[in-house]
Protein chains: 2
Amino acid sequence: MSALSAPAAAETPRARFRPPAVPQVDVRGFWGARVDAVADKTADILYERCVEAGMLDQIDPDRPVPELRIPFMSMSPAAIGKPTFTASTVTTQMFWDSDLAKTIETAAYSLYRKPNPALEAKIDAVIDMYGKLQQEDGYLSSWYQRMQPGLRWTNLRDCHELYCAGHLIEGAVAYFQATGKRKLLDIMCRYADHIDSQFGPEPGKKRGYCGHEEIELALVKLARVTGNDRYMKLAKFFIDERGQQPHYYDQEARARGADPKDFHFKTYEYNQSHKPVRDQDKVVGHAVRAMYLYSGMADVATEFGDDTLRVALDRLWDDLNSKQLYVTGGLGPSEANEGFTSDYDLPNESAYAETCASVALIFWANRMLGMGPNRRYADVMERALYNGSISGLSLDGSLFFYENPLESRGKHNRWKWHRCPCCPPNIGRMVASIGSYMYGQAEGEAAVHLYCDSTARLDLGTTAVTLTQSTNYPWEGAVRIDVDVAKPAHFALHLRIPGFAAGARLRLNGEAVDLDRSVHDGYATITREWHAGDRIDLELELVIERLYAHPDVRQDAGRVTLKRGPLVYCLEGVDNPVGLNRISLPAGAALRAQAEPDLLGGVVTLIGGADVDSTEDWDGQLYRNEPPKREPVTIKAVPYYAWDNRSPGEMLVWLRRG
Amino acid sequence: MSALSAPAAAETPRARFRPPAVPQVDVRGFWGARVDAVADKTADILYERCVEAGMLDQIDPDRPVPELRIPFMSMSPAAIGKPTFTASTVTTQMFWDSDLAKTIETAAYSLYRKPNPALEAKIDAVIDMYGKLQQEDGYLSSWYQRMQPGLRWTNLRDCHELYCAGHLIEGAVAYFQATGKRKLLDIMCRYADHIDSQFGPEPGKKRGYCGHEEIELALVKLARVTGNDRYMKLAKFFIDERGQQPHYYDQEARARGADPKDFHFKTYEYNQSHKPVRDQDKVVGHAVRAMYLYSGMADVATEFGDDTLRVALDRLWDDLNSKQLYVTGGLGPSEANEGFTSDYDLPNESAYAETCASVALIFWANRMLGMGPNRRYADVMERALYNGSISGLSLDGSLFFYENPLESRGKHNRWKWHRCPCCPPNIGRMVASIGSYMYGQAEGEAAVHLYCDSTARLDLGTTAVTLTQSTNYPWEGAVRIDVDVAKPAHFALHLRIPGFAAGARLRLNGEAVDLDRSVHDGYATITREWHAGDRIDLELELVIERLYAHPDVRQDAGRVTLKRGPLVYCLEGVDNPVGLNRISLPAGAALRAQAEPDLLGGVVTLIGGADVDSTEDWDGQLYRNEPPKREPVTIKAVPYYAWDNRSPGEMLVWLRRG
């Protein structure tokens, strides 16, 4: 059974689960190496690239206001029409606060992982700039204060104003949790207070919401860390208000003298404000926007026990997972809207599948787990984590993908940076905070969502428990979990049984646990009085799976892909020096898993026999009446996330069936 | 054997063949209906669209100078800095003279086909405008005289100046041949004289040539119709000079104060001036430019008996036909350069395959036949004619394709017009002049290149001969040719035996002709004294072929297409109401040809059994471990050229092999 065909949502209400903070989990093993790469390289690189881009010139009130970067225009004699910058023109500078904020967040988690006084001093300096920049009333936006003064709150639809606030809030929470320093958190509480004074259902307040969702989930984080319920209510307001009529963006456009129809993306589906969120049943528009919205909705559903949101989220989850998700956990196939197109439209070579979108899907899936452990969400979170998200970061943490295609001719290679630098700090902060995705904690309940060598100190309300995982997952399927409690404690421990692991076996202190009885929603639950020294052994079978796509995915018709455990595999030209589409994999071909500790930081490759179409007897013909002859060939597949870390070459996820 | 694998070029010199003028051939049957559609609709539509676009405002010196049209710029954050209008070095207005000229040319052929006094009066008025516009010295360019005065001959690389002259010359020759009116011909002779006074190897003249080839082949036409050898020599000069060092475009750029490196398309391969033409061995750059160049080269090779050009042309022909040509005769897969990319790169759904490029390939192939009948060229001409070119014109002659993909999701539909309106008048003039592609005439030799119900009055130097073809080709393979001569005459008659027609049979006055002995270069030659009433019967077998692409064409791997006679077939959604990529065609599936006189103006369809991947047992899964189940389905294929003439829907040329 595929990981995407998980059991349906639970019908009974569950405890409210919250993820552990980053400092609660020590990560080793597979993810430990990834976190180290971010702490060792990415965090510094992100800061340096932000500086090179000129971001500090924009936020630091002590520096001259920088020039506006006008999008590059051809200066040829014929391109006489020079663009004029208008209020509705988007430049990268408009969302620079968000890029700096995600850089701060990445740095925060990295500083927890490894002290880095030089980086910490630089981040402190950036925070000081924001402190100076903040206005008396709490308002804080380097764009609207320095680049477009006088226009605040006039174009929520296009200009990322609340989005930037949201990311700065996330950065503030992370920096506080990792370093204990409150300055940015206090700044952002003042700004959140100001936003709360401007937006809301009360008379005289704006009933608006951001064109790029993010503030919602950020306010939930802020509410959780401060205990201030007003932020939680404001998050719910933004969710509830979205897409209501009369439409805020129509009114706002008219208020600034613009025609509401003059919207570049034509439809409010682009920012998911085409209808109230509880009425939405199709995943549409800009992929990252959609995932951030659903993340916020899931948080609000959890915190308010709002089943009307939960029902809508499950419809959207079904839609994404049954019709619009790449096998890698990538999503949003189209560059035009950086988002969704039509059902089953999943082009491979031209896939946009932005790194940020997979990261954001992980956010959403993780927040669905707030409503209780459920493999339906956790399997997808794992799929996106091990494939379509970390493919966006080179193994050494220094280079990035924006798009994550499933096929390449060898010219899609990692970048040092991007003109729209959203992805590098997004993958950075996600990897560096991976520990908080592995576990869930609720009153009297603990959940293990992901298997990875790690130690988690969980807060179950009246009880604290330390779980220590020892495992070489995802390369091997054996997981040992040691339980430590200060004194015997009664709680439920939920252990995810991945959808791919049909033959899983579980033992508690050496005694077999009957999975048929103990598994609900794809998690084995053991409720008992736990003692220090209790030991769990979970054995997951990591078989090599062949996956086939739904016949309406025309791009994958007649094709097959390989998967082992959570990892989707691909062929790379460097391992398979023939045109990859000349290869076909017969149904009965034997494949074996081979551990290669010296390859790509240590991976398990898949090796087997296949056929290759011969080019030898074509005699200069481009077309002929005889099909190509076939010859045997040995193929080697590597995990998708690790591609393009060697010499550039072809890459292919979906192989032709023989 | 596929039509693309024809015999190699003849090694012995041949007579110089020239195509008959349009009035020499009366066309009926398949092409007669197409010519009628152009005469009845397209010719008027082209004129009206030119007027609507404002072209007359630009050329008429009695009207105010119109505004410059500024290309639209995208405001998409995903496209920051990327102009939507990719050909950013030009505006459409710069080549409006050429669009009007091709409209005049289409009108000329149409007026010969069917009198249309209203249209003729409008064209006469346009010619009067050009007469008024022409300068004392003969110069004539509505762009440089009205829109960018003072800059003539300063940017041959980008600005289509000689290209426009070439098209106006072609229009002038056609209008003279069809109507006997000399005014435009005289205007263009004066302009050609002026060009001849400006360009050439002599001291004081410019050694430049146009960034968009066209003037070369036009000057050959002008030389042939006027008998003025200076035009022929000027054509040869432009050919010979192209790509020589020091590079003219480098010098020209510096002369206008520009950096030669500041060229939008980066490489002079774009306009085939990267090296002297005789050294070129790869078909590169902008597809239409390339084909127009090779057409001019072929004309010059024929007229000057220049074997150095012929050798280069054969290398280029091989390259195109063995590595870069769609099975439809489409070419130039990429939108970015409107041209060629890399060997075997033939994407189907995103194929650019501009209508103009296939038309231009027909020009080239036809001119290769100037050096003697040879199936190597004629088969490809026929392939492009019946497939990738006329696909660009709706059956009723009113709507157009610019791109001709080989796969569509149903959203690629015919347009009324195009911002760059080169294709509509190009396909219009080609179809309306189809008769001149069917035959070749030389001293003592006649050739039948294409089979179609028609009557040709050929000039063989000392002899005139009338050939009357009676046939229902391409739907049926029987062709009867009646020969009429005023008195018995000795000449060679060359009859093409298409590459697909392995079992062809030929009879002369009822007696079998031995094809093994009489066929050279794919043409059966009968040399004898011909008498009025001589009758030829040719029987071509129109079998249903399966074609397979070279294994390096990754987009066609594991796929097959269907062909019958010269026609490539496709599936359309309207006939096959399942996702077309769910269908697979087993190797042994029986297929039958079925005449459907009421469908699409009368076509032969291909009908047979295939398999379809079932979607029934997927239960909402997007991926699973079992391949799709297959069910039987009956498929119907229609000729590719006729697609998108009914309700919009999917289309597919390359079917999955079962």
Side-chain angles (χ1 to χ4, degrees), chain A residues 1-2 4-5 71-74 76-81 83 88-92 264-265 318 321-323 325 327 335-338 350 419-420 545-554 557-558 560 579-582 584 587 613-615 618-628 656-657, chain B residues 1-2 4-5 68 70-71 73-78 80-81 83 88-91 94 148 155 158-159 262 264 318 321-323 325 327 350 545-555 557-558 560 579-582 584 587 613-615 618-628 656-657:
Chain A
M1 183 168 63
S2 150
L4 291 187
S5 58
F72 167 76
M73 293 284 301
S74 168
S76 70
I80 286 160
S88 62
T89 306
V90 176
T91 84
T92 53
H264 179 78
F265 295 98
D318 271 343
N321 284 278
S322 65
K323 301 191 184 77
L325 188 63
V327 72
E335 182 179 5
N337 65 346
E338 301 192 303
S350 68
R419 65 185 155 68
C420 171
E545 293 178 83
R546 283 170 159 80
L547 283 183
Y548 305 88
H550 187 283
D552 283 329
V553 183
R554 65 185 187 279
V560 58
L580 297 181
N581 271 307
R582 285 172 53 197
S584 55
D613 286 354
S614 172
T615 56
W618 280 76
D619 299 324
Q621 294 175 107
L622 187 51
Y623 305 104
R624 73 179 192 189
N625 294 138
E626 292 296 315
R656 288 169 53 216
R657 291 161 56 190
Chain B
M1 184 167 64
S2 150
L4 291 187
S5 58
L68 196 65
I70 296 166
M73 294 293 300
S74 170
M75 293 299 165
S76 152
I80 291 167
S88 61
T89 51
V90 294
T91 82
M94 204 168 264
Q148 263 197 334
N155 188 352
D158 299 328
C159 293
D262 184 21
H264 179 78
D318 271 342
N321 283 277
S322 65
K323 300 191 185 78
L325 188 63
V327 72
S350 68
E545 293 178 84
R546 282 172 161 80
L547 283 183
Y548 306 87
H550 188 282
D552 282 329
V553 183
R554 65 185 187 278
Q555 296 94 348
V560 59
L580 296 180
N581 271 308
R582 286 172 52 195
S584 55
D613 286 353
S614 172
T615 55
W618 280 76
D619 300 323
Q621 294 175 106
L622 187 52
Y623 305 103
R624 72 179 193 190
N625 294 138
E626 292 297 314
R656 289 169 52 215
R657 291 161 56 190

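Per chain, numbering begins at 1; letters A, B, ... match sequence-line order. Side chains included, hydrogens not; waters and symmetry mates left out as well; all remaining heavy atoms used. None of the values given here were measured: they were computed from a predicted structure.
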May I ask you to name which of B:G579, B:S614, B:P628, B:P627 has the most heavy-atom pairs under 4.5 Å with chain A? B:P627

Of the backbone (N, CA, C, O) and the side chain (C-beta and beyond), which part of B:E626 lies under 4.5 Å from a heavy atom of chain A, both, or neither? backbone

Run the side chain to side chain contact (heavy atoms under 4.5 Å, CB included) test against A:A549 and tell me which residues pass, sequence neighbours left out. A:V553, A:D556, A:W654, B:Y623

Under 4.5 Å to a heavy atom of chain B? For A:S350 that would be neither

Show the nearest heavy-atom pair for residues A:H550 and B:Q621, with the distance to one decimal. CD2-O, 3.6 Å

side-chain contact (heavy atoms from CB on, under 4.5 Å) between B:L622 and A:K323, intermediate numbers included: CA-CA 6 Å; B:L622 187 52; A:K323 301 191 184 77; 5.6 Å; no

Pairs of heavy atoms under 4.5 Å with chain A: top-ranked of B:L580, B:D613, B:T615: B:T615

Within the 4.5 Å heavy-atom criterion, are A:S322 and B:W618 side-chain neighbours or not? no

Taken to the nearest 0.5 Å, the spacing of A:R624 CZ from B:L547 CG works out to 11.5 Å

Closest non-hydrogen atoms of A:E545 and B:N625, given as atom of the first, atom of the second and distance, are OE1-ND2, 3.1 Å

